[in-house]
Novice: 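Below is one structure. I have some questions about it.
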Amino acid sequence: MPLIYLAIAALAIGFEQLVQWKYGPMGIIAFIALSIGIKARNTMIGGIGAVILVMLLAH
């Protein structure tokens, strides 16, 4: 089990670095808002994060 958690953490960190490298600080803020919204089951915060990510991907 610890190996699975380590692999998931490594993938999450890698994805976060990719978002930051490609979309800058606004991408990181959107990713954090989306993940907080999902974990807290708060649709408003998750929706804001998702909308920002979509706007960054759309240009």
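Atoms considered below: every heavy atom in the structure, side chains included; atoms not considered: hydrogens, waters and symmetry mates.
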Novice: Here's a test for you: under side-chain contact (heavy atoms from CB on, under 4.5 Å), which of Leu53, Val51, Ile52 qualifies with Leu34?
Specialist: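 Result: among Leu53, Val51, Ile52, Leu53 is the only option passing the side-chain contact (heavy atoms from CB on, under 4.5 Å) with Leu34.
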
Novice: If every non-hydrogen atom of Ala33 is compared with every non-hydrogen atom of Gly49, which pair is closest and at what distance?
Specialist: CB-CA, 3.9 Å

Novice: Nearest 0.5 Å please: distance from the CG atom of Leu57 over to the NZ atom of Lys22.
Specialist: 8.5 Å

Novice: Would you kindly confirm whether Ile38 and Ile32 end up in one hydrophobic cluster when ILVMFWY residues are joined by side chain heavy atoms under 4.5 Å apart?
Specialist: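 Result: no, two separate clusters.
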
Novice: How long is the span from the CD1 atom in Ile48 to the OG1 atom in Thr43, to the nearest 0.5 Å?
Specialist: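 The OG1 atom of Thr43 is 9.5 Å from CD1 of Ile48, to the nearest 0.5 Å.
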
Novice: Could you check if a side-chain atom of Asn42 sits within less than 4.5 angstrom of a side-chain atom of Ile36, using non-hydrogen atoms only?
Specialist: no

